[in-house]
Protein chains: 2
Amino acid sequence: MDSKTLCLAVLQRGEASGYEIKKKLDAPPYSHFQDTSFGSIYPALNRLAGEGAVEVRAEEQEKRPDKKVYSITELGRRRFREALQQPPGEDRLRSDFLFLLFHGDLLPKERVLALVDQRIAELDATVAALADCCPCSGKPLHDFLLELGVDHYRSSARFLRENRARLEQMLSGAPARAAE
Amino acid sequence: MDSKTLCLAVLQRGEASGYEIKKKLDAPPYSHFQDTSFGSIYPALNRLAGEGAVEVRAEEQEKRPDKKVYSITELGRRRFREALQQPPGEDRLRSDFLFLLFHGDLLPKERVLALVDQRIAELDATVAALADCCPCSGKPLHDFLLELGVDHYRSSARFLRENRARLEQMLSGAPARAAE
DNA sequence: CCCTCCATGTAAGAGGTTACATGATTAT
DNA sequence: ATAATCATGTAACCTCTTACATGGAGGG
């Protein structure tokens, strides 16, 4: 999904500033299936405003720069629904971790295992964080996606834990070529 | 990982043409954690050749354009190991499917469920395909990554299967606004 | 007859990332 | 003190995607 559609997705649930949109996109469940940066959101909002898909209202603030609060228009809603109508593209994962793991035979065994352990710890932390904010938001789909995320991170951690010993054996079998 | 590193990764396991590199990157396990296109591979190979990280040899073929067979140089190997030394970036998933699912309340219930069923079928097919090529390649890490992939796709399918009914209830609760 | 596989590349354009630019407030 | 949060944006850069260009072989 491009940045414009992402902005519409957030605005369709309520008005927000660019900064707030970014915060929401950085939080679960959005963070589970896409990425964004300010450098793409601010231009996207300007383009959307130019096209009439969103409206801007400047909110004055004391001791802070004005906040530009965006709200979606009828045109914006229509655009967003049209985007949802499109057949979804394939999932794409970009994982440096798996790439490294695949080339573990070129790395010191200790580094690979440390990477795996770190990954397991991160996955556990993510699961814990999601479980915290999970209880219930009142929004069923929101919670559903959160649960899906928990399941995914938990499964990944489980696999790594259950297969760590085997991996260690593999890495011992073909002796590690130490980094130059 | 950028296209250059990806090319080095493949070439480090043996010489290949640009076309063959793309084929390998499109197959598991590479396909599980990255994407590429000819438009990025061919320029990447040219740049690598310019930098001396790979060497080219033109292989004449009858009734086909010449094949440019690339092989990695010592410099290339060093570059690749250096790339592996870098701390890995975070995983990033881009999933239109999950995006749609999250906004299922704006879609006809039937469409969402159809999407889910289709996804389950795709996941099953992927698992079956991986299981086929899985038995053993002789390369332990290769098989390990394949197993990791199988586990992931299988877990995802299981979650969707186990929660499909609940999802259906959710979508019935808040009546679907049909697409305009 | 049409599609897919083989085989290489370019060019234009879209899109996004990163760094820069600014600056007060609040929490540690 | 120092870091993080709030708050917006631009500009350069980089990278990739998409479409175009070419064309024979072989299977359905």
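Below, all heavy atoms of this structure are taken into account, side chains as well, without hydrogens, waters or symmetry copies. Below, chains carry the letters A, B, ... as their sequence lines are ordered, and counting in each starts from 1.
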Within 45 degrees of the ring normal and closer than 6.0 Å to the centroid, is that where the cationic atom of [X] sits relative to [Y]?
X: A:Lys24; Y: A:Tyr30; answer: no
X: A:Lys22; Y: A:Phe38; answer: yes
X: A:Arg119; Y: A:Phe159; answer: no

Measure [atom1]/[X] against [atom2]/[N] and give the value in whole Å, please.
X: B:Phe38; N: C:dA11; atom1: CZ; atom2: P; answer: 19 Å
X: A:Asp26; N: D:dA7; atom1: CG; atom2: C1'; answer: 15 Å
X: A:Asn46; N: C:dG15; atom1: CG; atom2: P; answer: 15 Å
X: A:Asp35; N: C:dG15; atom1: CG; atom2: P; answer: 17 Å
X: B:Met1; N: C:dT17; atom1: CE; atom2: P; answer: 17 Å
X: B:Leu25; N: D:dC16; atom1: CG; atom2: P; answer: 12 Å
X: B:Lys23; N: C:dA7; atom1: NZ; atom2: P; answer: 7 Å
X: A:Tyr42; N: C:dA21; atom1: OH; atom2: C1'; answer: 13 Å

Minimum-distance nucleotide (side-chain atoms of [X] versus [options]):
X: A:Ser40; options: D:dT8, C:dT8, C:dG16; result: C:dG16
X: B:Arg92; options: C:dG9, C:dT17, D:dG9; result: C:dT17
X: B:Lys67; options: C:dG16, D:dT10, C:dT8; result: C:dT8
X: B:Tyr19; options: D:dT17, D:dA7, C:dC5; result: C:dC5

Can a side chain N or O of A:Ser37 be found less than 4.0 Å away from OP1 or OP2 on C:dT17?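 Checking A:Ser37 against C:dT17: at least one side-chain N or O falls below 4.0 Å of OP1 or OP2.
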Indicate whether OP1 or OP2 belonging to D:dC16 is found under 4.0 Å from a side-chain N or O atom of B:Ser3.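 Yes, within the criterion.
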Do the side chain of A:Glu20 and the main chain of A:Ser17 share a donor and acceptor less than 3.5 angstrom apart?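 Side chain of A:Glu20 to backbone of A:Ser17: a pair is present.
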Are the side chain of A:Asp2 and the backbone N or O of A:Thr5 linked by a donor-acceptor pair below 3.5 Å?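 Between the backbone of A:Thr5 and the side chain of A:Asp2 there is a qualifying donor-acceptor contact (under 3.5 Å).
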Nearest heavy atom decides the nucleotide; on that basis, is A:Lys68 or B:Arg47 closer to the 5' end of DNA chain D?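 On the 5' side of the pair lies A:Lys68.
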What is the nucleic acid contact for B:Lys4, judged by heavy atoms within less than 4.0 Å: base, sugar-phosphate only, or nothing?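 Nothing: the residue B:Lys4, judged by heavy atoms under 4.0 Å, touches no strand.
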Pick the closest DNA chain C nucleotide for B:Pro43 and for B:Glu20 by heavy atoms, then say which residue is nearer the 5' end.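 The answer here is B:Glu20.
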